[in-house]
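Pasting a structure below so you can have a look.
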Amino acid sequence: MDQIDAQRAIASLHSFRIFGLVFIVPGVVGPNLPTSFGIFAAYGDFATGLLAMLALVTVRLGPGTKLPIYSDPT
C-alpha cells in the first residue's frame with residue numbers, strides 16, 4: 001500500500017468521528033458523564049471528522065490544487 005492509500009484509509013476512518021456529537025445529546029449517554037468532558041469530546045470529535053473530510057478532498061484534488069478557502073490578497 002502506498003503512502004497516499006494509507007493516508008486515505010486513515011482519513012476515511014476518522015471522517016466518521018462526527019458521531020461524537022452524541023455526547024451532547026441529552027439521554028444518549030449516562031448521567032454520570034461530566035458535562036465539561038462531553039462538550040470537549042463532542043466538538044473535538046466533530047473537528048477531527050471535518051478535518052479528515054477536508055484531507056480526503058485535498059487528496060482527491062491532487063497536488064498543486066488550491067482550495068477556495070483562502071485567497072491571497074496580493
Side-chain angles (χ1 to χ4, degrees):
M1 179 181 292
D2 68 338
Q3 185 176 5
I4 297 295
D5 288 338
Q7 291 174 357
R8 187 178 299 139
I10 292 170
S12 296
L13 289 174
H14 284 289
S15 66
F16 289 102
R17 291 187 67 166
I18 60 172
F19 295 122
L21 288 173
V22 299
F23 283 126
I24 57 175
V25 177
V28 176
V29 295
N32 296 331
L33 182 72
T35 306
S36 59
F37 169 78
I39 291 172
F40 282 115
Y43 288 115
D45 278 354
F46 184 66
T48 302
L50 289 179
L51 289 173
M53 289 180 208
L54 181 63
L56 288 170
V57 168
T58 56
V59 166
R60 180 88 166 151
L61 293 176
T65 306
K66 293 184 179 180
L67 293 176
I69 295 174
Y70 172 77
S71 61
D72 193 13
T74 58

* Any pair with a residue in residues 31-42 that passes salt bridge (charged side-chain N to carboxylate O under 4.0 Å, His left out), sequence neighbours left out, goes on the list, sorted by first then second residue, please. =>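 The answer is none; no pair qualifies.
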
* Asked: Does anything in residues 19-33 pair up under salt bridge (charged side-chain N to carboxylate O under 4.0 Å, His left out), and if so which pairs, sequence neighbours excluded?
  ->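 Listed by first then second residue: nothing to list.
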
* Which residues share a side chain to side chain donor-acceptor pair (under 3.5 Å) with Asp5, sequence neighbours left out ->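 Side chain to side chain donor-acceptor pair (under 3.5 Å) check on Asp5 returns Arg8.
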
* **Taking every non-hydrogen atom, the tightest pair across Leu56 and Ser12** =>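 Smallest heavy-atom distance, with atoms named: CD2-OG, 3.8 Å.
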
* To do: Output every pair passing salt bridge (charged side-chain N to carboxylate O under 4.0 Å, His left out) with a member in residues 27-36, not counting sequence neighbours, ordered by first then second residue.
  =>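 Sorted pair list comes back empty.
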
* What's the shortest heavy-atom distance between Ala52 and Ala11, and which atoms? ->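 The answer is CB-O, 3.4 Å.
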
* Asked: Among the clusters formed by ILVMFWY side chains lying less than 4.5 Å apart, do Leu50 and Ile39 turn up in the same one?
  ->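 Both belong to a single hydrophobic cluster.
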
* Asked: In Å, rounded to the nearest 0.5 Å, how long is the span from CG of Leu51 to OG1 of Thr58?
  ->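 Going from CG on Leu51 over to OG1 on Thr58, the span is 10.5 Å.
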
* **Set of ring pair (Phe, Tyr, Trp, His ring centres under 6.0 Å) partners for Phe23, sequence neighbours left out** =>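 Residues passing ring pair (Phe, Tyr, Trp, His ring centres under 6.0 Å) with Phe23: Phe37.
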
* Asked: side-chain hydrogen bond (donor to acceptor under 3.5 Å, both in side chains): which pairs involve residues 33-45, sequence neighbours left out?
  ->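 Sorted pair list: Arg17-Asp45.
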
* **Leu21 versus Ala42, closest heavy-atom pair with distance** =>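 Smallest interatomic distance, heavy atoms only, reads CD2-O, 3.7 Å.
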
